Every structure is written in C-alpha cells, then in structure tokens.
Number of protein chains: 2
Amino acid sequence: MALRYALLAALHEEPATGYDLNQRFGRRQGFVWSASHQQIYRELGRLHEEGLLSMEAEPQAERPDRKRYAVTPAGEAALRDWLATPQPRPATRDPLLVKLFAGDLVDDEALRGELATLRRAWEERLAAYREVEATWFSDPETLSRHYRLQYLALRRGITAGQAWLHWLDEAEALLQDA
Amino acid sequence: MALRYALLAALHEEPATGYDLNQRFGRRQGFVWSASHQQIYRELGRLHEEGLLSMEAEPQAERPDRKRYAVTPAGEAALRDWLATPQPRPATRDPLLVKLFAGDLVDDEALRGELATLRRAWEERLAAYREVEATWFSDPETLSRHYRLQYLALRRGITAGQAWLHWLDEAEALLQDA
DNA sequence: CCTTACATGTAACAAGTTACATGATTAG
DNA sequence: CTAATCATGTAACTTGTTACATGTAAGG
C-alpha cells in the first residue's frame with residue numbers, strides 16, 4: 001500500500017508524467033522506494049480513478065499522449081492521513097543471508113565473488129550519495145525543515161552503505177582463513 | 001523464488017514440520033528471511049510435489065497429522081545450484097524513508113514517535129543478537145566454516161542495527177531545532 | 001474466562017515481476 | 001545495423017498478506 005503514497009509524495013513536490021516518475025523511481029528515489037514502470041502506470045491509473053490525482057493529457061504527434069498528473073486536495077488529505085499513521089517495519093528478506101545460513105553447501109569462490117560484487121555496488125552508490133550530500137546539503141543546519149527531512153533520508157542511505165562496507169571487511173577477514 | 005531455498009536451507013540443517021519452520025521463520029531466521037505460515041505451508045506442499053522434499057506424516061489423536069519434511073538429494077542439488085547463482089540485491093522499500101521524502105506534510109509529533117518506536121525496536125533486537133553472539137560465538141576464530149558463515153549472518157544483523165541507532169542519533173539531533 | 005500452544009489448511013486479494021507490444025527519432 | 005530515448009500500456013504470472021476454519025488442552 002505504500003507505493004501509492006510514494007507516488008503522491010513525489011507528485012506533491014512536483015507534478016509529473018508516469019515516464020518522469022519511472023526515471024525518478026529508478027534513480028534518486030530508488031533507494032527510498034523502487035518500482036517498475038508497470039507498477040507506476042497501473043497505480044497512477046487507480047489514483048486518478050479514485051480522484052486522488054488530476055490528469056492532463058498533452059497530445060503529441062506520433063507518440064502516446066503525455067499524461068501529466070498532479071495531486072488533488074483529496075490526494076493530499078489521503079497522503080497526510082497515511083503520513084500520520086505509524087507504518088510497520090518492512091520484513092527482512094535478503095537472499096545473501098539465506099546463503100550464509102546454508103553454510104557448508106556454499107561454494108567458497110562463488111561466495112567471495114558475490115561479496116566482491118556487493119562491495120563494488122555499495123562503493124559506487126556511496127560515492128553518488130556523497131556527491132549529492134556535498135552538492136546540496138553541505139550545511140544541514142541552515143536547511144528548512146523540508147530539506148532537512150530529505151537530507152535525513154539521504155543520510156540513511158549513507159549510513160546503511162557504510163554499515164555494509166564495514167560488514168564486508170569483517171566477512172572477508174573471517175573467510176580469509178576458513 | 002528465495003523462500004523455497006530458505007526452506008531447503010533450514011531443512012538441510014534439520015528436518016522439521018511446517019509448524020516448526022513457522023516458529024523459526026518468525027524468530028531466529030526472521031532476520032534472514034521472514035514468512036507467514038500460509039506461505040510456508042504452500043511452499044512446502046509445492047516442494048514436496050516437485051520431489052525436492054520427502055514427507056513423513058505422523059498421525060496424532062485429535063489433531064492434524066504432523067508432517068515432517070526432509071531434503072531429498074534432488075532438493076540438495078537444487079539448493080546447491082541456487083547457492084552458486086549470484087542473486088540480485090533486494091530493492092529498498094522503506095515507508096519511513098517515503099515519509100521523510102514527503103517532508104513538510106509530516107506531522108512533527110508523529111514523526112518523533114515513529115523514530116522513538118524504531119529506536120526501542122532496534123535496541124531490543126540488538127540486545128537479543130548480542131546475547132546470541134556472546135553465548136554461541138564468543139570465539140569466532142575457532143569456529144568451523146559452517147558456523148563462521150552463520151556468525152556472519154548474525155554480524156550482519158548487528159552491524160545493521162548499529163547503523164540504525166547511529167542514524168537515529170543524527171535524526172533526533174537534526175530534528176531538535178527544526 | 002481468555003489466551004496461547006498445537007498443527008494444518010482454503011480462499012481471496014494485493015503487490016511486484018516478466019514478457020510482449022507499438023513506432024518514430026537519434027546516437028554510436 | 002543496433003541500441004537507446006521517448007511514452008504508454010495489456011496480459012500472465014509469482015510472491016506475499018489477510019481473513020477464515022477446525023478443535024483440544026493447558027496456564028494465568
């Protein structure tokens with residue numbers, strides 16, 4: 001049920017098309033909430049049907065119409081309600097941990113390879129996050145509340161990444177002489 | 001597709017009933033892979049149909065039969081194959097981050113409350129993990145490879161928890177004077 | 001008296017994934 | 001010649017959630 005609120009939140013910041021949202025949910029917002037384009041289009045359709053979004057179609061020559069969505073007052077109210085309701089924590093479901101748990105059946109080379117890939121992925125992500133941090137949030141104290149909260153979302157990404165890298169150090173050390 | 005391998009891994013360690021597995025997947029293994037009892041029973045049925053699990057029903061008076069499952073050679077082969085295949089990282093989908101992203105629409109009290117709840121939850125979890133660590137893994141260097149890997153899964157839980165608490169400190173400080 | 005443990009399941013639904021479809025334009 | 005960008009969608013499938021069902025016995 002949270003995808004719809006992620007969409008409402010994104011559209012509250014700025015009206016957009018499904019296409020735009022799909023870009024964002026793959027990149028900037030991917031670390032907050034990821035979704036495929038099919039999910040996005042489907043959910044936008046529903047939100048519009050329910051009157052939480054308004055839609056304006058811009059006809060285009062030789063292409064499907066661009067449909068620009070914006071949050072209606074009803075949509076904003078729904079979002080506010082949801083924001084005020086405590087959400088249960090998402091369950092952990094990590095295939096890597098399943099592999100570790102399977103223990104002795106795991107091939108050593110394959111495991112090391114997967115850890116190495118994970119390290120590279122997090123190093124890249126962290127670098128990207130840090131660049132955003134340096135460019136937009138260099139002086140957090142002076143930010144408005146709105147941007148402080150967004151900064152905190154980014155900080156969550158950063159601290160999570162650091163924790164993974166730290167764990168990877170431990171893992172590689174402990175596998176060294178296993 | 002990973003639930004089935006989580007089940008195979010658990011049953012490879014020790015044959016069990018659906019009921020047993022449901023206990024485990026709520027507790028010890030909940031931080032590795034969580035699942036509801038309905039998912040577990042459904043998947044066990046499928047795995048048995050496909051010949052990856054053997055099943056022995058123990059009739060009980062006045063109660064449904066206990067069905068004890070064990071991994072067949074075909075099941076172990078399937079598990080090994082899966083373990084050797086790199087798995088994509090699970091997508092991030094955290095409603096709390098969606099809330100932070102929505103920024104100024106979030107009520108301050110509600111947000112602080114949710115952070116406080118999160119802190120308590122992680123403190124409890126961390127305490128539990130640390131007890132497991134102290135009891136079973138006090139001397140990691142001497143562990144067999146099998147238990148080292150399980151220890152690493154636990155360490156992942158611990159380092160993740162520490163990162164959350166660290167982030168919560170940051171969050172509370174930054175919200176102090178917003 | 002009410003809840004929890006025991007032990008399994010059916011049914012219906014919501015959420016998320018994968019494959020396929022259209023069709024022009026631009027960049028390598 | 002191939003792939004990517006633009007812009008939306010349908011259809012079929014898998015995974016995960018929620019509600020409901022059964023029926024005894026023990027513990028607070």
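Just so it is clear, the model here is predicted, and its values are computed rather than measured. First the proteins, then the strands, lettered A, B, ... as listed; each starts at 1. Note that these values count all heavy atoms, side chains included, but never hydrogens, waters or copies made by symmetry.
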- Whole-Å distance, B/Met1 CE to C/dT18 C1', equals 13 Å
- Below 4.0 angstrom, N of the basic side chain to O of the carboxylate: do B/Glu50 and B/Arg4 qualify? yes
- Distance from A/Asp94 atom CG to B/Arg89 atom CZ, nearest 0.5 Å? 4.0 Å
- Which part of the nucleic acid does B/Glu58 contact within heavy-atom distance under 4.0 Å: base, sugar-phosphate only, or nothing? nothing
- Side-chain ion pair, B/Lys67 and B/Glu58, N-O less than 4.0 Å: no
- Message: Taking any heavy-atom pair under 4.0 Å as a contact, classify A/Asn22: base, sugar-phosphate, or nothing.
- Response: nothing
- Message: Any carboxylate oxygen within less than 4.0 angstrom of a Lys/Arg side-chain nitrogen, looking at B/Arg156 and A/Glu170?
- Response: no
- With sequence neighbours excluded, tell me which residues meet side-chain contact (heavy atoms from CB on, under 4.5 Å) with B/Asp20. B/Ala16, B/Thr17, B/Arg66, B/Arg68
- Once you round to the nearest 0.5 Å, how far does CG of B/Leu126 lie from CD of B/Glu133? 10.0 Å
- Quick one: does B/Leu97's side chain get under 4.5 Å of A/Leu152's, heavy atoms only? no
- Task: Report yes or no: does A/Thr72 contribute a side-chain atom to a donor-acceptor pair with the main-chain N or O of A/Leu52 at less than 3.5 Å?
- Result: yes
- Kindly give the heavy-atom pair with the smallest separation between B/Leu111 and B/Val106, and that separation in Å. CB-CG1, 3.9 Å
- Look at the aromatic rings of A/Phe31 and A/Tyr129 and report parallel, tilted or perpendicular, splitting at 30° and 60°. tilted
- Query: In residues 38-49 of chain B, which residues come under 4.0 Å of DNA chain D by heavy atom?
  - Reply: B/Gln38, B/Gln39, B/Arg42, B/Arg46
- On the 0 to 90° scale, with breaks at 30° and 60°, tag the A/Tyr69-A/His48 ring pair as parallel, tilted or perpendicular. perpendicular
- Axis-to-axis angle across the helix from C/dC1-D/dG28 to C/dG28-D/dC1, five pairs each end, nearest 10 degrees, ~ 50°
- Query: Checking B/Arg125 side chain against B/Ile158 main chain: does a donor-acceptor pair fall under 3.5 Å?
  - Reply: no
- Query: Of all of residues 84-102 of chain A, which get a heavy atom below 4.0 angstrom from DNA chain D, listed by number?
  - Reply: A/Arg93
- Item | Sorted by number, the residues of residues 3-20 of chain B with heavy-atom contact under 4.0 Å to DNA chain C | B/Thr17, B/Gly18, B/Tyr19
- Message: Could you check whether B/Glu43 pairs with B/Arg46 (Lys NZ or Arg NE/NH1/NH2 to Asp/Glu carboxylate O, under 4.0 Å)?
- Response: yes
- Query: Just the endpoints, please: which first and last nucleotides of DNA chain D, 5' to 3', lie under 4.0 Å from a heavy atom of chain B?
  - Reply: D/dT15 to D/dT24
